[in-house]
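Below: one structure, written as C-alpha cells.
Quick caveat, the model's predicted, so the values are computed rather than measured.
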Amino acid sequence: MTLGNAFKQTGALGVIMTVVFFYVWFMLTIAILVVMEGTSAMLHSLRLHWVEAMSKHFVGEGVLFEPFSFGRMMEEELVDFQ
C-alpha cells in the first residue's frame with residue numbers, strides 16, 4: 001500500500017517516485033525495528049534491576065502466604081456460625 005502510488009506512475013517520474021518511496025518505507029521500517037529493539041532491551045534491563053534490587057532489600061517480615069482454599073473457607077465459616 002505504501003509503494004502503490006509510486007507504481008501507478010509511468011516513465012521517469014514513476015522511477016523517481018518508486019526510489020524515493022522505497023527509501024522512505026525502508027527508513028521507517030528500520031526506525032520501527034530499532035525502537036522495538038530498544039524498548040525490548042530497556043524492559044529487560046528494568047526487569048533485571050527490579051529483581052536485583054528486590055533481592056537486596058527484601059526483608060520478608062510479614063504474613064505468610066496461604067493459598068486460597070474453598071475447603072478452609074468453608075471450615076472457617078462453619079466454626080464462626082456454631
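In the hydrophobic clustering of ILVMFWY residues, with side-chain heavy atoms under 4.5 Å counting as a link, Val20 and Met17 come out together. Hydrophobic clustering (ILVMFWY, side-chain heavy atoms < 4.5 Å, transitive): Phe21 and Ile30 are in one cluster. When the side chains of ILVMFWY residues are joined at heavy-atom separations under 4.5 Å, either directly or via intervening members, Trp25 and Leu13 end up in a single hydrophobic cluster.
Applying the side chain to side chain contact (heavy atoms under 4.5 Å, CB included) criterion to Leu48, with sequence neighbours excluded, gives His44. Under the salt bridge (charged side-chain N to carboxylate O under 4.0 Å, His left out) criterion, Glu66 pairs with Arg72, not counting sequence neighbours. Residues satisfying the side chain to side chain contact (heavy atoms under 4.5 Å, CB included) criterion with Tyr23, sequence neighbours excluded, are Met27.
If you chain together ILVMFWY residues whose side-chain heavy atoms come under 4.5 Å of each other, Val63 ends up in a group of its own. Through direct or relayed side-chain contacts under 4.5 Å between Ile, Leu, Val, Met, Phe, Trp and Tyr, Met42 connects to Leu43.
Counting only distance, with no hydrogens or angles, the side chain of Ser40 and the backbone of Met36 share no donor-acceptor pair below 3.5 Å. Looking only at distances, no side-chain donor or acceptor of Ser45 sits under 3.5 Å from a matching main-chain atom of Ala41.
Within the model, atoms OG1 of Thr39 and CG of Leu46 stand 12.0 Å from one another, a figure rounded to the nearest 0.5 Å.
Sorted by first then second residue, the salt bridge (Lys or Arg N to Asp or Glu O under 4.0 Å) pairs that include residues 12-38, not counting sequence neighbours, number zero.
In this structure, Phe22 and Phe26 have parallel ring planes: the angle between them is below the 30° cut-off, well short of the 60° mark.
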